[in-house]
2 protein chains.
Amino acid sequence: MLRLAVPYHHGDLRVALLDAAEELVRSRGVDGWSLREASAQVGVSPSAAYHHFASRDALVRALSHRILSRIGTAVRDASAAFDDPGSRIVAIGQTYVRFALDDPAVWRLAFGVDDPEAPISPHPHDILAAELDRLDLGGAVFLLWAAMHGLAALLADGLLRFDDPAAVDVEADRLVRAVLSGLAGQPGPWPTVRSAYTDRQ
Amino acid sequence: MLRLAVPYHHGDLRVALLDAAEELVRSRGVDGWSLREASAQVGVSPSAAYHHFASRDALVRALSHRILSRIGTAVRDASAAFDDPGSRIVAIGQTYVRFALDDPAVWRLAFGVDDPEAPISPHPHDILAAELDRLDLGGAVFLLWAAMHGLAALLADGLLRFDDPAAVDVEADRLVRAVLSGLAGQPGPWPTVRSAYTDRQ
DNA sequence: CACGCTATTTGAACGGTGTTAAGATTGGCC
DNA sequence: GGCCAATCTTAACACCGTTCAAATAGCGTG
């Protein structure tokens with residue numbers, strides 16, 4: 001039977017739903033959309049999604065997973081452009097923060113999910129940890145992560161806004177270097193830390 | 001007519017709804033509850049809430065407002081126990097972060113709301129800003145705020161966990177002092193910054 | 001090529017949600 | 001004491017996530 005526009009079997013409904021959901025998140029906010037809406041946008045009935053995701057929450061979890069690894073990749077690539085550890089870490093921070101500013105709702109969704117169903121690779125946290133190890137500051141990753149994450153969160157939530165768009169890079173740089181230099185004297189001991197990511201390796 | 005248990009007019013339905021919603025948030029998460037549930041818990045029909053809040057979202061906004069000013073008060077009181085600016089700022093950071101750890105869902109709701117309908121007093125950000133002014137670091141409030149906020153957010157979201165409960169205070173102290181000392185050399189210039197709070201004064 | 005098996009999708013239905021409108025009840029004020 | 005505005009209820013609406021049986025499509029096997 002001739003069925004050009006709407007074949008009964010969708011090519012790859014799973015990623016089509018993820019794409020639609022991501023775009024809805026981008027335009028309407030983390031929770032300003034419904035599963036039914038995403039299904040309709042893909043041209044499929046509401047219940048079709050349930051053969052690819054156990055629930056709406058599972059879709060959101062999968063989307064978070066996809067975004068986190070996208071951020072991880074961006075962060076890894078950005079750091080690869082430099083040689084000295086300081087600049088590499090600054091590049092990580094800038095990329096991390098800029099993502100939050102450029103795509104706030106998507107960033108919020110990515111980090112708003114409690115437990116990822118599968119290990120995320122590469123995870124931005126791990127990229128940062130690898131760099132800090134080279135500076136013998138491995139135990140303090142979480143402090144630098146917190147600083148970056150806080151700046152990103154304030155920007156993503158609109159609690160903080162720069163007049164000058166270029167200020168993001170400047171200030172991310174300043175914050176990262178401030179924490180690094182402020183930590184330089186401290187030899188630890190660092191606390192034992194757990195995270196959703198370190199737990200699963 | 002005798003009507004002891006359930007008078008037709010509730011005493012103060014507005015704060016009763018806020019209390020119920022806060023407790024629901026605490027036990028079931030930021031979004032794991034409904035307006036109908038909160039109404040039922042207070043012993044009132046679902047539509048009664050609409051005489052005190054324009055929508056569920058307005059309730060959440062009002063709740064966020066209440067919590068933010070509670071955090072502001074806690075932060076102000078904590079800083080008042082010390083004299084030197086450094087310790088005062090550390091106390092602010094510790095209180096801010098500990099709130100996030102102790103009451104994660106409520107903390108998330110408080111900061112997850114886009115625009116507060118009325119100025120928040122005292123706002124934690126303003127308390128911090130006042131202290132930094134005394135150190136001639138007024139332009140850098142947002143960097144210290146970011147660091148504190150990031151540590152708080154990671155703990156509230158469960159992305160970071162300390163094995164030792166006492167570690168929170170130690171690490172918040174360490175982070176705040178690291179940023180302060182790392183910033184000490186920098187004279188600026190600081191960027192022009194806007195926030196949901198600075199905008200409305 | 002036909003058959004049947006499995007994955008995929010549909011359609012209809014369920015309970016629960018936020019929200020609205022019209023009517024009942026109440027407390028306070030003249 | 002009687003009216004008025006505020007408060008609350010009841011009933012209804014459209015929409016939501018989710019489930020289940022039935023319809024459809026693609027694919028390997030005979």
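A note on names: the letters A, B, ... follow the listed sequences, proteins ahead of strands, and every chain is numbered from 1. All figures in this text were calculated on a predicted structure; none of them were measured in a lab. Scope of the values below: all heavy atoms of this structure, side chains included, with no hydrogens, waters or symmetry mates.
For D12(B) and dT7(D), the CG to C1' distance is 12 Å, given to the nearest whole Å. In this structure, the CG atom of D31(A) is 13 Å from the P atom of dC16(D), given to the nearest Å. In this structure, CG of L24(B) is placed 15 Å from C1' of dT17(C), rounded to the nearest angstrom. Atom-to-atom, CZ of R14(B) to P of dC8(D) comes out at 13 Å; the value is rounded to the nearest Å.
The side chain of L35(A) has dG17(D) as its nearest neighbour among dG11(C), dG17(D), dC8(D). Among the nucleotides dA12(D), dT18(D), dT20(C), the one closest to the side chain of R36(B) is dA12(D). Listed nucleotides: dT10(D), dT19(C), dC16(D). Nearest to the side chain of Y50(B): dT19(C). With dT18(D), dC20(D), dT7(D) as the candidates, the nucleotide lying closest to the side chain of H51(B) is dT7(D). Among the nucleotides dT20(C), dG17(D), dC8(D), the one closest to any side-chain atom of R56(A) is dG17(D).
Nucleotides of DNA chain D nearest to S34(A) and L13(B) differ in position, and the one nearer the 5' end is that of L13(B). Along DNA chain C, the nucleotide nearest S45(A) and the nucleotide nearest P46(B) are compared for position; the residue whose nucleotide lies closer to the 5' end is S45(A).
Between D173(B) and R177(B) there is a salt bridge, since a side-chain N of the basic residue sits under 4.0 Å from a carboxylate O of the acidic one.
In terms of modelled atom types and a separation under 3.5 Å, the side chain of H65(A) and the main chain of P119(A) share a donor-acceptor contact. Panel note: side chain Q94(B), backbone D169(B); a donor-acceptor pair is recorded below 3.5 Å.
For dC8(D), the OP1/OP2 oxygens have a side-chain nitrogen or oxygen of H52(B) closer than 4.0 Å.
At a cut-off of 3.5 angstrom, counting only N and O atoms as typed in the model, there is no donor on one side facing an acceptor on the other between the side-chain of S55(A) and the base of dT18(D).
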Query raised in the report: Where do F111(B) and Y96(B) land on the ring-ring contact (aromatic ring centres under 6.0 Å, His included) test, with the steps shown first?
Result: CA-CA 12 Å; F111(B) 286 99; Y96(B) 192 84; 5.7 Å; yes
